[in-house]
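Step one of this worksheet: look at the structure below.
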Amino acid sequence: MRITAPISTPAEVEPLVRAGARELYCGVVPPDWIQRFNTSGVNRRVFGNLNGYADLERVVDKATELDAEVFLVLNAQQYGEQHLDALTEIGARFKSIGGKAAIVADISLIASLAANVPDLDIHVSSVATCRNVESARFFAALGANRIILPRDVTVAEIAAITTELPELDIEAFVLNDGCVFEEGACHTVHLPMNKGGPICIDNYQFEYQATGGGQPQERALRRLEQNDLDYKRWLWYRFGNGFTSAPNGYPWGPCGVCAMPAMHAAGVHSVKIAGREGASERKIKSVELVARVLERIEAGEPADAVRKFAVGLRDAPSHCASGYMCYYPEVRSRQELGDTEGQLLTAV
Amino acid sequence: MTSTQHIPTPDSATRPIELGFALVDERELAGFARHERLTRDDYLAQLGEASDCVVLPDDAEPTHFFLGSEFCEHLLPNVESIDRAVALCERWGLTFGLVTPIACDGLFDPLRAALRRLPAGSEVTVNDWGVARLVQREFPELRPVAGRLLGKMLKDPRLPSATWARMYPNGLRAGPFRDILDGLGIGRLELDFPPFGAADMYAGIDFPVGVRAPYGYIAKGRICKLGSLSLDMPEKFSPGHKCHRECLGFNEVGARPGTHELPTSQRGNTMYYRHAKGMAAAVAEAVNNGWVSRIVLSGA
């Protein structure tokens with residue numbers, strides 16, 4: 001199982017690979033793109049991109065020297081038809097300098113890259129919301145080599161896909177940056193924080209209504225309000241404990257390191273660390289954290305011992321105990337619930 | 001590099017507008033069952049005050065009735081409700097359509113059971129490429145429609161102008177998109193009408209286009225706050241657990257303080273905006289010009 005890490009400058013390549021990442025992903029905004037289309041929207045993120053092709057070449061050269069692979073994100077949720085040829089050319093250029101794969105969500109771009117840059121691997125972005133076997137087969141038929149699963153899946157769902165489709169590489173989230181909505185079904189932009197930020201944490205003032213009109217009954221309202229408080233707490237965890245790090249520098253959640261033994265056993269090819277826009281130090285500590293867990297898994301340590309080790313890594317087990325910091329909370333709780341068969345994980 | 005050939009559909013302006021209603025809560029079928037036949041007023045009455053945000057052509061009368069949710073795997077109607085809706089549609093002389101969500105693997109068997117109940121020629125609104133494959137392979141007698149989760153576009157009601165939408169255009173006219181839909185046997189698109197949308201924004205698309213009104217969806221999650229109401233850890237705010245369908249009983253409505261943005265609401269895992277009157281007029285203009293051939297009314 002490999003660690004896939006984000007980069008936004010060539011200087012990050014060496015420390016991230018030395019920390020344990022074997023796969024790096026990055027975005028680039030070519031200057032001619034901005035001139036042609038009057039937008040920097042080449043991928044899902046406006047910030048956190050490399051400055052241009054020269055930086056991209058430096059990244060690929062350095063990574064190759066260190067025996068790591070580089071993937072290019074072209075993962076906007078959708079592109080206009082006027083963009084496709086330019087994006088395909090970017091993919092071809094990336095391949096020509098030694099790039100390994102493009103991370104893509106838009107089905108038209110997947111089809112275009114598969115037809116015109118056949119040597120470039122295609123990784124289906126989590127933004128494509130591919131989270132069942134049939135959907136994975138659909139993307140494989142389009143030419144995909146890898147599926148990056150969206151955030152909110154269970155380990156059992158991951159295992160179902162890896163079992164059914166061993167020919168596809170499967171990548172799953174393991175650390176950082178939690179969307180509330182499914183990325184492929186969130187049709188908003190992340191506004192600057194002073195304009196509202198991501199819509200899922202914007203300052204909407206909602207009031208409950210009962211279906212058919214009117215306020216819910218008092219007892220129901222009290223339950224809803226308590227649920228809202230729990231949800232705010234979960235949101236705080238979802239966004240990295242208020243966008244902070246543990247005292248020892250490791251990032252807070254969302255986190256799936258406890259699920260890594262199960263993912264490893266299921267045949268997951270890579271675990272993804274999110275956060276291209278983050279600081280270099282955060283990226284490095286993220287890779288270190290995941291690598292320390294992976295090292296124990298690969299050494300054959302029992303899953304329970306690995307989970308215990310993972311929970312202790314940040315020196316703050318109470319946050320792990322909350323369960324709200326987890327991508328895969330069912331793994332943390334299976335033993336507590338006596339659900340050793342994992343039946344809870346497959347409920348529809 | 002990406003151009004392909006496709007035979008455009010005939011100008012739909014020469015045909016009457018199709019009108020559908022999409023129902024999520026199967027319990028509400030009982031209210032519909034009282035009608036011997038359905039009229040546009042019956043459809044509009046279901047929307048309550050929001051019917052003011054819909055402009056229908058004079059000749060628009062019901063042609064379709066849909067059941068099911070685009071947004072949640074826990075809201076797939078049971079087969080008894082599907083049977084009932086199919087029977088009602090036969091009585092009303094309407095085409096039935098089953099609406100389906102993004103699916104986890106655990107939903108495929110219930111989906112198969114549901115699809116087996118549909119008469120030939122029924123529509124299936126698919127919002128998941130895997131479900132589209134399932135329909136094509138196992139239910140070729142059904143007619144798949146690409147739902148609005150597959151027709152990606154920017155729909156953020158907080159944006160101050162149409163400039164942003166131009167920066168992030170949709171790909172509905174792209175050749176490969178067209179070819180892929182053709183290959184899956186999908187013959188129709190169902191879309192939202194976005195904030196700042198222009199009447200001609202769906203002109204020139206080589207598929208018949210239906211528009212949902214008067215609510216568009218902004219974003220949908222798999223984690224559901226309301227659906228976690230009765231859950232404890234570790235199920236609370238995590239995927240894959242049964243809920244009590246609390247979203248059918250409660251809704252959240254509101255706005256960002258100090259703004260005059262579109263009215264916004266959240267039901268279960270999905271955020272919606274409601275059309276402004278100007279948007280309703282733009283949809284009506286699109287219908288009059290044949291750029292939109294169907295309106296599907298639905299609540300938030």
Side-chain angles (χ1 to χ4, degrees), chain A residues 39 41 76-82 84-85 88 106-108 111-112 116 129 131-135 137-139 152-154 157 160 180-182 185-189 191 196 199 202-211 216 223-224 227 230-231 234 323-324 329-330 332-333 345-348, chain B residues 1-2 73-74 102-108 110 128-131 133-134 149 152-156 158-159 164 167-171 173-177 179-180 218-223 225 228-229 233-234 236-242 248-257 264 266 271:
Chain A
T39 171
Q77 199 179 80
Q78 80 280 343
Y79 292 105
E81 72 274 22
Q82 66 271 38
L84 290 183
D85 286 351
T88 305
D106 180 277
I107 57 167
S108 293
S112 180
N116 297 293
T129 323
R131 55 177 168 85
N132 60 65
V133 169
E134 280 299 322
S135 183
R137 285 196 179 113
F138 164 81
F139 283 106
D152 293 314
V153 293
T154 66
E157 289 167 349
V180 169
F181 297 110
E182 292 194 86
C186 178
H187 308 285
T188 69
V189 294
L191 295 176
I199 198 166
D202 202 341
N203 184 32
Y204 276 95
Q205 303 291 309
F206 283 133
E207 286 186 0
Y208 283 103
Q209 283 185 347
T211 298
R223 285 188 67 213
L224 291 165
N227 193 55
D230 292 339
Y231 182 73
W234 175 80
Y324 284 177
E330 75 273 13
R332 187 192 65 83
S333 332
L345 312 185
T346 54
V348 174
Chain B
M1 254 182 209
T2 55
E73 53 209 286
H74 302 300
I102 300 174
C104 64
D105 278 306
L107 194 67
F108 275 70
D128 180 298
W129 297 116
V131 175
R133 269 176 60 99
L134 171 78
L149 279 84
K152 316 283 188 188
M153 66 184 77
L154 189 62
K155 293 185 285 184
D156 193 332
R158 306 171 302 163
L159 297 177
W164 289 80
M167 288 169 61
Y168 299 94
N170 66 62
R173 294 175 186 79
F177 181 73
D179 294 344
I180 290 165
I218 302 164
K220 88 108 198 159
R222 197 176 181 205
I223 304 295
K225 180 179 75 170
S228 294
L229 183 68
M233 290 301 300
K236 204 172 183 71
F237 312 131
S238 69
H241 299 288
K242 281 184 176 167
L248 301 180
F250 303 107
N251 192 14
E252 292 178 85
V253 296
R256 298 200 301 163
T264 310
Q266 177 145 0
M271 276 187 87

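Just so we're on the same page: letters track the sequence lines, and every chain starts at 1. These numbers come from the heavy atoms of this one structure, side chains and all, not from hydrogens, waters or symmetry mates.
Contact count against chain B (heavy-atom pairs under 4.5 Å) is highest for A:Arg131 among A:Gln77, A:Gln209, A:Arg131. Ranked by heavy-atom pairs shorter than 4.5 Å toward chain B, the options A:Val189, A:Asn203, A:Val180, A:Val133 are led by A:Val189. Interface check for chain A: of the options B:Ile102, B:Ile180, B:Leu229, the most heavy-atom pairs under 4.5 Å are formed by B:Leu229. For the set A:Arg223, A:Glu134, A:His187, the count of heavy-atom pairs under 4.5 angstrom toward chain B peaks at A:His187. In terms of non-hydrogen atom pairs under 4.5 Å with chain A, the most contact-rich of B:Asn170, B:Val131, B:Leu248 is B:Asn170. Among A:Ser135, A:Gly323, A:Ala210, the residue with the largest count of heavy-atom pairs under 4.5 Å with chain B is A:Ser135. Note: B:Phe237 leads B:Phe177, B:Phe108, B:Phe237 in heavy-atom pairs under 4.5 Å with chain A. Interface check for chain A: of the options B:Leu149, B:Leu134, B:Thr264, B:Asp128, the most heavy-atom pairs under 4.5 Å are formed by B:Thr264.
Heavy-atom contacts from other residues, nucleotides or ligands closer than 6.0 Å to CD of A:Glu207 number 12 or fewer.
Here CG of A:Asp106 is found 9.5 Å from NZ of B:Lys152. Values are rounded to the nearest 0.5 Å. Separation of atoms NZ (B:Lys236) and CD1 (B:Ile223) is listed at 12.0 Å; rounding is to 0.5 Å. Considering CD of B:Gln266 and OH of A:Tyr208, their distance stands at 8.5 Å, rounded to 0.5 Å.
For B:Asn251, the parts lying near chain A are the backbone and the side chain together; criterion is any non-hydrogen pair under 4.5 Å. Using a 4.5 Å cut-off between heavy atoms, A:Tyr324 contacts chain B through both its backbone and its side chain. With a threshold of 4.5 angstrom between heavy atoms, B:Ile218 approaches chain A through its backbone and through its side chain. With a 4.5 angstrom heavy-atom cutoff, B:Leu159 touches chain A only via side-chain atoms. Contacts of B:Ala103 with chain A are made by both backbone and side-chain atoms, with heavy-atom separations under 4.5 Å. Contacts of A:Ala111 with chain B are made by side-chain atoms alone, with heavy-atom separations under 4.5 Å and no backbone atom involved.
Scanning for side-chain hydrogen bond (donor to acceptor under 3.5 Å, both in side chains) contacts around A:Asp202 gives B:Arg158, B:Arg256, with sequence neighbours left out. B:Ser238 is linked by a side-chain hydrogen bond (donor to acceptor under 3.5 Å, both in side chains) to B:His241, counting only residues two or more places apart in sequence or in another chain.
The aromatic rings of B:Trp129 and A:Phe138 lie parallel to each other, with less than 30° between the two planes, well short of the 60° mark.
Using a 4.5 Å cut-off on side-chain heavy atoms (C-beta onward), A:Tyr204 and B:Met271 make contact.
At least one donor-acceptor pair under 3.5 Å links the side chain of B:Arg222 to the backbone N or O of A:Asp152.
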